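Data first, discussion second: the structure below is written as structure tokens.
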Amino acid sequence: MTQSTPAAGKGPAGTGPEASVPVPAAASGGPISHAIFRLARLHRMFAGQLLRRIGLHPGQELVMMHLWELGPQRQTDLVRLLDSDAATMTRTIQRLEQAGFVRRRPSPTDKRASLIEPTAASHALRREVEQSWSQLEDLVTAGLSADECTEALSTLERLEQNLVQAAADPTCAAER
């Protein structure tokens with residue numbers, strides 16, 4: 001048995017197109033999780049299209065946003081800030097470095113560490129990154145009222161908090 005969202009072009013009460021993605025029977029116990037997966041995949045795809053135009057890949061703009069906001073950071077601090085893993089961050093920093101958007105310099109306080117800092121070339125990208133994120137937000141929230149946007153954000157924050165709590169308490173996930 002599969003469930004599916006309304007057929008494309010047949011939104012609720014004819015309000016507009018909706019995705020038509022079958023929900024496999026094995027996922028029927030997690031329709032919200034399945035919807036989050038689909039949404040995240042589409043969001044990343046559109047983000048990739050927008051960012052590719054300015055020479056970035058999804059995730060790299062988040063590193064740059066933190067560097068622009070906070071200034072030079074140790075790689076371990078970026079891992080923590082972005083809830084990433086060391087290997088992924090290493091690859092991301094290497095690619096940003098090769099593109100000329102970041103550089104490494106020795107930490108003045110820790111001889112074992114280096115600081116990752118944004119370059120002048122990356123500062124020139126900031127406005128374009130901000131515009132890309134605004135475009136992405138417009139795509140995501142098209143047709144939503146201000147109240148619906150507020151409610152969606154609140155719900156997403158609650159879902160995230162649920163997962164943060166579950167991650168902090170591994171026995172919680174095992175009991176469900």
Side-chain angles (χ1 to χ4, degrees), residues 1-6 8 11-12 15-52 56-71 73-96 102 113 116 118 126 129-176:
M1 173 183 179
T2 62
Q3 302 171 352
S4 62
T5 56
T15 59
E18 282 198 18
S20 177
V21 178
V23 178
S28 65
I32 292 174
S33 294
H34 192 260
I36 291 169
F37 172 81
R38 294 189 329 260
L39 178 63
R41 183 182 54 78
L42 286 167
H43 189 272
R44 187 171 179 86
M45 179 190 73
F46 278 104
Q49 290 173 359
L50 292 169
L51 292 168
R52 214 174 354 265
L56 294 174
H57 297 282
Q60 291 177 335
E61 84 283 14
L62 295 172
V63 171
M64 295 311 309
M65 287 177 184
H66 282 290
L67 292 173
W68 292 326
E69 183 92 8
L70 302 171
Q73 298 290 306
R74 294 180 312 155
Q75 188 167 317
T76 56
D77 294 331
L78 290 169
V79 166
R80 183 184 44 78
L81 280 167
L82 293 165
D83 198 21
S84 182
D85 61 81
T88 299
M89 187 58 67
T90 296
R91 286 190 304 273
T92 300
I93 297 299
Q94 286 172 343
R95 289 178 182 140
L96 287 169
V102 300
I116 311 301
R126 184 175 182 159
V129 167
E130 290 169 352
Q131 288 173 343
S132 293
W133 268 70
S134 291
Q135 286 179 293
L136 187 57
E137 189 77 0
D138 290 345
L139 287 170
V140 169
T141 61
L144 296 180
S145 69
D147 287 344
E148 289 171 318
C149 289
T150 300
E151 184 62 31
L153 184 57
S154 176
T155 300
L156 289 169
E157 289 170 345
R158 174 74 188 272
L159 294 173
E160 179 184 20
Q161 190 58 36
N162 288 346
L163 292 176
V164 166
Q165 288 175 354
D169 182 8
T171 60
C172 179
E175 292 173 2
R176 291 182 185 198

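Along the sequence shown, residues carry numbers from 1. Computed from a prediction, not measured in an experiment: that's the story for all the values here.
Side-chain contact between Gln73 and Ile116 is absent, with no heavy-atom pair separated by less than 4.5 Å. By the 4.5 Å heavy-atom criterion applied to side chains, Pro24 and His34 are counted as neighbours. Taking 4.5 Å as the limit, some side-chain heavy atom of Val102 sits within range of a side-chain heavy atom of Met64.
Here the shortest heavy-atom pairing between Ser132 and Leu50 reads O-CD1, 3.5 Å. Contact detail for Leu136 and Ala47: the closest heavy-atom pair is CD2-CB, 3.8 Å.
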Kindly list each side-chain donor-acceptor pair under 3.5 angstrom involving residues 77-87, sequence neighbours excluded, with atom names and distances?
from, atom 1, to, atom 2, distance (Å)
Asp77, OD1, Arg74, NH2, 3.0
Asp77, OD2, Arg74, NE, 3.1
Asp85, OD1, Ala87, N, 3.2
Asp85, OD1, Thr88, N, 2.8
Asp85, OD1, Thr88, OG1, 3.1
Asp85, OD2, Thr88, OG1, 2.9

Identify each donor-acceptor pair in which a side-chain atom of residues 149-159 lies under 3.5 Å from a protein atom, sequence neighbours left out, and give them as a table.
from, atom 1, to, atom 2, distance (Å)
Thr150, OG1, Ala146, O, 3.0
Thr155, OG1, Glu151, O, 3.0

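Note that the CG atom of Leu42 and the CZ atom of Phe37 stand 9.5 Å from one another [nearest 0.5 Å]. To the nearest 0.5 Å, the span separating CG on Leu96 from CD on Glu61 amounts to 10.0 Å. Summarising the geometry, atom NE2 belonging to His43 is positioned 7.0 Å from atom CD belonging to Glu137; distances are rounded to the nearest 0.5 Å. We find the CG-CG distance between Leu144 and Asp138 to be 11.0 Å, quoted to the nearest 0.5 Å.
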### Message
Run the side-chain contact (heavy atoms from CB on, under 4.5 Å) test on Ile93 and Gln75 for me, step by step, so that the C-alpha distance in whole Å, both residues' side-chain angles and the decisive distance to 0.1 Å come before the verdict.
### Response
CA-CA 8 Å; Ile93 297 299; Gln75 188 167 317; 4.1 Å; yes
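Atom CD of Gln161 has more than 12 heavy atoms from other residues, nucleotides or ligands within 6.0 Å.
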